[in-house]
Participant: 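My questions will all concern the structure given below.
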Amino acid sequence: MKFPQALCLLPLLSLAAGPLHAQETAPAPAATDGGDKLVRIQVEWIEVEALQMTELLREGAASDTALRESVQKLIEDRDATLVETTLVTARSGQRAKVESIHEHIYPTEFQAPKVINPEEEKGSKTVLILPHPTAFETRNLGVTLEVDPVLGADGKTIDLNLAPELVYLVGEQSWAEYEGDLGTSSTRSPSIYTAKTTTQVATTDGEYCLLSAQSPQNVETGMTDGSRKLMAFVRVDVVSVSPPVK
């Protein structure tokens, strides 16, 4: 009579112990912080004809690195132009920023003109207070790269959150002009052309990634030139800071 009762307790003991495979599951690997490695980010802007870029993409390169090699041949043949290159090295998980800029300061608000002429006083002189700026703003002209790199646990995959930017001063626009016996005045504001990409991509050590293709400015008119394209490439290299093993 006691033996059957012991058999009835076996299923209860198995349920209390839980499934066997749950105890054998390996823990997930911890993410690396890249403590002994740095991440070097290089961004290039290459200007090509729109038809050339379309043809390269239509052919379908095996990778963006192969596409960059095809574009390099165009540069060597003078069919493409390397417009700008910028580079910054950072730690994994740390924001980095590099700038090659000119700070352009321009007025944004103006005091209205005023005429002072007391008509009740004979012989009084008319005075004109011309419009003058009361507030200013600064715009960075040149190239700026801001990036947040995160190195993966394998030490080769890199996640990038970046915003490369090219900014040009095209000219100035005149909003009001005054010229007379009492003086001259001009109210102007700058015309600025910007080519900026804000994106998040994943790439691997030593490989290129095509970030975007944008229309550059026409240097003669300052307007968008749809016949040409700016191809923005990024390349990331993982750099070890540990001393070599002898």
Side-chain angles (χ1 to χ4, degrees), residues 38-90 96-104 139-147 149 156-173 190-239:
L38 298 176
V39 183
R40 182 172 297 156
I41 304 101
Q42 176 182 343
V43 176
E44 301 172 323
W45 287 269
I46 302 174
E47 185 176 329
V48 300
E49 291 186 359
L51 292 177
Q52 288 178 323
M53 188 197 72
T54 303
E55 184 65 20
L56 289 174
L57 297 178
R58 188 184 66 83
E59 293 174 356
S63 65
D64 283 353
T65 299
L67 177 63
R68 177 62 181 83
E69 293 176 357
S70 299
V71 175
Q72 181 64 30
K73 295 179 181 178
L74 295 178
I75 296 176
E76 296 172 356
D77 294 338
R78 309 299 186 188
D79 292 327
T81 304
L82 179 61
V83 176
E84 183 63 77
T85 301
T86 187
L87 181 148
V88 67
T89 303
K97 186 176 183 180
V98 60
E99 297 175 307
S100 299
I101 59 172
H102 165 71
E103 295 183 352
H104 183 71
R139 186 68 184 273
N140 294 335
L141 306 177
V143 56
T144 301
L145 171 62
E146 188 170 2
V147 58
K156 296 181 179 180
T157 304
I158 306 99
D159 290 318
L160 295 177
N161 184 354
L162 71 167
E165 181 179 27
L166 289 176
V167 183
Y168 301 100
L169 177 63
V170 177
E172 289 187 335
Q173 292 180 334
S191 296
I192 296 175
Y193 195 93
T194 303
K196 182 177 181 179
T197 301
T198 303
T199 185
Q200 297 178 350
V201 297
T203 184
T204 55
D205 180 23
E207 298 292 329
Y208 281 92
C209 178
L210 177 61
L211 295 177
S212 64
Q214 302 161 289
S215 297
Q217 67 160 332
N218 186 303
V219 294
E220 296 180 356
T221 64
M223 305 300 291
T224 300
D225 186 358
S227 66
R228 303 188 65 80
K229 295 298 176 182
L230 273 178
M231 303 179 70
F233 287 92
V234 63
R235 171 173 171 162
V236 183
D237 294 292
V238 179
V239 183

Participant: Once you round to the nearest 0.5 Å, how far does CD of Q72 lie from CG of D77?
Facilitator: 10.0 Å

Participant: With T194, which of R139, E165, Q214, Q217 fulfils side chain to side chain donor-acceptor pair (under 3.5 Å)?
Facilitator: R139

Participant: Heavy atoms, side chains only, cut-off 4.5 Å: are L160 and V147 in contact?
Facilitator: yes

Participant: State the CD-OG distance between E172 and S191, to the nearest 0.5 angstrom.
Facilitator: 8.0 Å

Participant: Quick one: side chains of residues 200-212, donor-acceptor pairs under 3.5 Å with protein atoms, not counting sequence neighbours, listed by atom name and distance.
Facilitator:
residue, atom, partner, partner atom, Å
D205, OD1, V238, N, 2.9
E207, OE1, T65, OG1, 2.4
S212, OG, T197, OG1, 2.7

Participant: Under the criterion side chain to side chain contact (heavy atoms under 4.5 Å, CB included), I'd like the reasoning laid out for L166 against K196: C-alpha separation, chi angles, the key distance, then a yes or no.
Facilitator: CA-CA 6 Å; L166 289 176; K196 182 177 181 179; over 6 Å; no

Participant: Checking side-chain polar atoms at under 3.5 Å, does T144 have a donor or acceptor matched by the opposite partner on K97?
Facilitator: no

Participant: Counting only heavy atoms from other residues, nucleotides and ligands, does the tally under 6.0 Å from CD of E59 exceed 12?
Facilitator: yes

Participant: Would you give the length of the straight line joining atom OG of S215 to atom CE of M223, rounded to the nearest 0.5 angstrom?
Facilitator: 12.0 Å

Participant: Between the side chain of D64 and the main-chain N/O of L67, is any donor-acceptor distance below 3.5 Å?
Facilitator: no

Participant: Are side-chain heavy atoms of E84 and V43 found at a separation under 4.5 Å?
Facilitator: no

Participant: What distance do L141 atom CG and I101 atom CD1 have between them, rounded to the nearest 0.5 Å?
Facilitator: 8.5 Å

Participant: For I41 versus V39, what's the shortest heavy-atom pair and its separation?
Facilitator: CD1-O, 3.6 Å

Participant: V167 vs I192, test: side chain to side chain contact (heavy atoms under 4.5 Å, CB included). Steps then yes/no.
Facilitator: CA-CA 7 Å; V167 183; I192 296 175; 3.3 Å; yes

Participant: Roughly how far, to the nearest 0.5 Å, is the OG1 atom of T198 from the CG atom of L162?
Facilitator: 8.0 Å

Participant: Nearest 0.5 Å please: distance from the CE atom of M231 over to the CD atom of E44.
Facilitator: 11.0 Å

Participant: For a side chain to side chain contact (heavy atoms under 4.5 Å, CB included) check, start with the C-alpha distance between T85 and Q42, then their side-chain angles and the critical distance, and finish with the verdict.
Facilitator: CA-CA 7 Å; T85 301; Q42 176 182 343; 3.6 Å; yes

Participant: Are E99 and N140 close enough, and set up right, to give a side chain to side chain contact (heavy atoms under 4.5 Å, CB included), and what steps lead you there?
Facilitator: CA-CA 9 Å; E99 297 175 307; N140 294 335; 3.7 Å; yes

Participant: Are the side chain of N218 and the backbone of E220 linked by a donor-acceptor contact shorter than 3.5 Å?
Facilitator: yes

Participant: Does E55 pair with R58 as a salt bridge, N-O distance under 4.0 Å?
Facilitator: yes

Participant: Which heavy atom of P164 sits nearest a heavy atom of W45, and at what distance?
Facilitator: CB-CZ2, 3.4 Å

